[in-house]
2 protein chains.
Amino acid sequence: MLSPTGDTPRTPTRVLVIDDEPQIVRALVINLKARHYAVDAAHDGATALQLAAARHPDVIVLDLGLPDMDGVEVIKGLRGWTRVPILVLSARHSSDEKVEALDAGADDYVTKPFGMDELLARLRAAVRRAEPVPGGEDEVVVETADFTVDLAAKKVGRNGKDVRLTPTEWHLLEVLVRNTGRLVGQKQLLQEVWGPSYGTETNYLRVYMAQLRRKLEADPAHPRHFITEPGMGYRFER
Amino acid sequence: MLSPTGDTPRTPTRVLVIDDEPQIVRALVINLKARHYAVDAAHDGATALQLAAARHPDVIVLDLGLPDMDGVEVIKGLRGWTRVPILVLSARHSSDEKVEALDAGADDYVTKPFGMDELLARLRAAVRRAEPVPGGEDEVVVETADFTVDLAAKKVGRNGKDVRLTPTEWHLLEVLVRNTGRLVGQKQLLQEVWGPSYGTETNYLRVYMAQLRRKLEADPAHPRHFITEPGMGYRFER
DNA sequence: TCCGACCGTCAGGGTTCCGTCAAGGACGGG
DNA sequence: CCCGTCCTTGACGGAACCCTGACGGTCGGA
């Protein structure tokens, strides 16, 4: 079928594991890394939200029983700004708990103790769903007169050579390119790239927009593709 | 893969239930209809595939134990042409079965006997995931003989070229266009653009209406689209 | 005809916003 | 432990934008 585990992935799928029980985390991390996932782990809700914003995982495994905050609150906190798949783990078998978590925005609910094979299969299903349509309407490669952006491979080319971008530069570029032609407000840009707690630090945008332009624009002083709309935000045009 | 045929925004979610046990089907149909889903039912795999193609459901509930064909084959048959969410029902608790079904393309796996509340919650989750992004490609474009306004992209075009608007100009235009054909009072205009504490500063309106007309009207001295209603307010006509 | 109310136009000044540069700190690899 | 990369932060000049006041024009009523 479609890349279950074994094949060589372009970029490894990033998983964020949130659980306060060390042995569960260890088991998950070992199994995930063996299958070439990139794994981050957090043992409380606050760290989890922070890590999610910082690392932008492709899927999240969340234990509802956290020491610092209610698991449902973590779900809501994430859903406020991202649609990343969330797979909930819980010792509670109660139907109400499941309904609450799912309606808060979770994608799946697995009760402990769980079979590792099943969990991994559900994880694959969640990731697969979130993938862009392979041959479909979504354009994966965007070309301009000056450079090329491959959203799937996370690569940028210019004059036949690869351009090296830092993680933050790439995130910023990705958000802009995914909204080609549309104006993206500075607040939205900040929240999507730096996390939901940002919104006024427009100097970040100024610095990183300058770096993108320096690396990609033919004439960085007179940008043709990364256009500033004063007081509102930025717009990518190809 | 939503709304394959042209339909109106508020259509009920269409569910296709595939199960050979009449009592299960009945229970599902009753519960779903009570929640305003539109339900189709099939008792075997062949009928199911046919119905899925004919009715384009928004979500499918599939029992793996069918009389005529293996449930996994049904999943593969569906996945050959659609990404519609598939929620699998099964009496088998075996981990292998789950993994096989999920890797074949199922979105979720519920073992019988199941709680109706949980099933409905998982169904909601599956449907929600498939929804297009909320702020997405609405393509709200208003055209006049002289210019074009794209509300979603915050873009204004004239003679094929983009017109640059300042934040205040854009905001004013937005309010007027959202009330196309209707008179918008000066007080309302001031409050929506400048904030609730404004209401008498009509000179602001005069200045910014003039700028909009200069940028968008073919003959700013004799406006055709931004019409003044003396003593009352302004009106946008396309 | 005079007058007042209302609107359109223009230009200057204060303020906000943006691009640029550089320095300092956090982090990870050698 | 050092070094390179990346992110953050502050400062500053210049550009863009918003507010403001003044003037002239039109229209209707006294």
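The figures here come from the full heavy-atom set of this structure, side chains too, leaving out hydrogens, waters and symmetry mates.
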Subject >> Spacing between R206(A) atom CZ and dC7(D) atom P, to the nearest angstrom >> reply: 18 Å
**OP:** Would you mind reading off the distance between Y208(B) atom OH and dC17(D) atom P, rounded to a whole angstrom?
**Re:** 9 Å
**OP:** Please state how far atom CG in D219(A) lies from atom P in dG19(C), giving the value in whole angstrom units.
**Re:** 14 Å
Original post:
Where the side chain of T228(A) is defined as all heavy atoms beyond and including C-beta, which of dG19(C), dC10(C), dG8(C) is the nearest nucleotide?
Top reply: dG19(C)
Subject >> Over all atoms of both residues, closest heavy-atom pair of R158(A) and V163(A) >> reply: CB-CG2, 3.5 Å
Original post:
Side chains of R213(A) and T228(A): do they bring a donor and an acceptor to under 3.5 Å?
Top reply: yes
**OP:** May I ask you to check whether T148(A) and R238(A) show a side-chain donor-acceptor distance below 3.5 Å?
**Re:** no
Subject >> Interatomic distance, L190(B) CG vs dT20(D) P [rounded to whole Å] >> reply: 12 Å
**OP:** Would you kindly give the CG-to-P distance between N203(B) and dC10(C), to the nearest whole Å?
**Re:** 17 Å
Original post:
Should T166(B) be listed as having a side-chain N or O under 4.0 Å from OP1 or OP2 of dC18(D)?
Top reply: yes
**OP:** Looking at every strand, decide which applies to R164(A) at a 4.0 Å heavy-atom threshold: base, sugar-phosphate, or nothing.
**Re:** sugar-phosphate
Tell me which donor-acceptor pairs under 3.5 Å the side chains of residues 198-211 of chain A have, and how far apart each pair is, sequence neighbours excluded?
from    : atom 1 : to      : atom 2 : distance (Å)
E201(A) : OE1    : G199(A) : N      : 3.1

Subject >> For the student: nearest non-hydrogen atoms of G71(A) and L62(A), plus distance >> reply: O-CD2, 3.9 Å
**OP:** Verify the contact: side-chain N or O of T168(A) to OP1 or OP2 of dC7(D), cut-off strictly under 4.0 Å; return yes or no.
**Re:** yes
Original post:
Quick one: Y198(A) OH to dC7(D) C1', roughly how many Å, whole number?
Top reply: 10 Å
Subject >> Residue-phosphate contact under 4.0 Å: W194(B) side-chain N/O, dC18(D) OP1/OP2 >> reply: no
Original post:
dC18(D) P sits how many Å from L172(B) CG, rounded?
Top reply: 11 Å
**OP:** Answer yes or no: does a side-chain N or O of R213(A) lie under 4.0 Å from OP1 or OP2 of dG19(C)?
**Re:** yes
**OP:** Would you mind classifying the nucleic acid contact of Y234(B) as base, sugar-phosphate or nothing, using non-hydrogen atoms under 4.0 angstrom?
**Re:** sugar-phosphate
Original post:
Which nucleotide in the list dC17(D), dT8(D), dT20(D) gets nearest to the side chain of Y204(A)?
Top reply: dT8(D)
**OP:** Name the nucleic acid region contacted by Q186(A), choosing base, sugar-phosphate or nothing; use a 4.0 angstrom heavy-atom cut-off, strictly under.
**Re:** sugar-phosphate
Original post:
Expressed in angstrom and rounded to an integer, what is the separation of R214(A) atom CZ from dG19(C) atom P?
Top reply: 12 Å
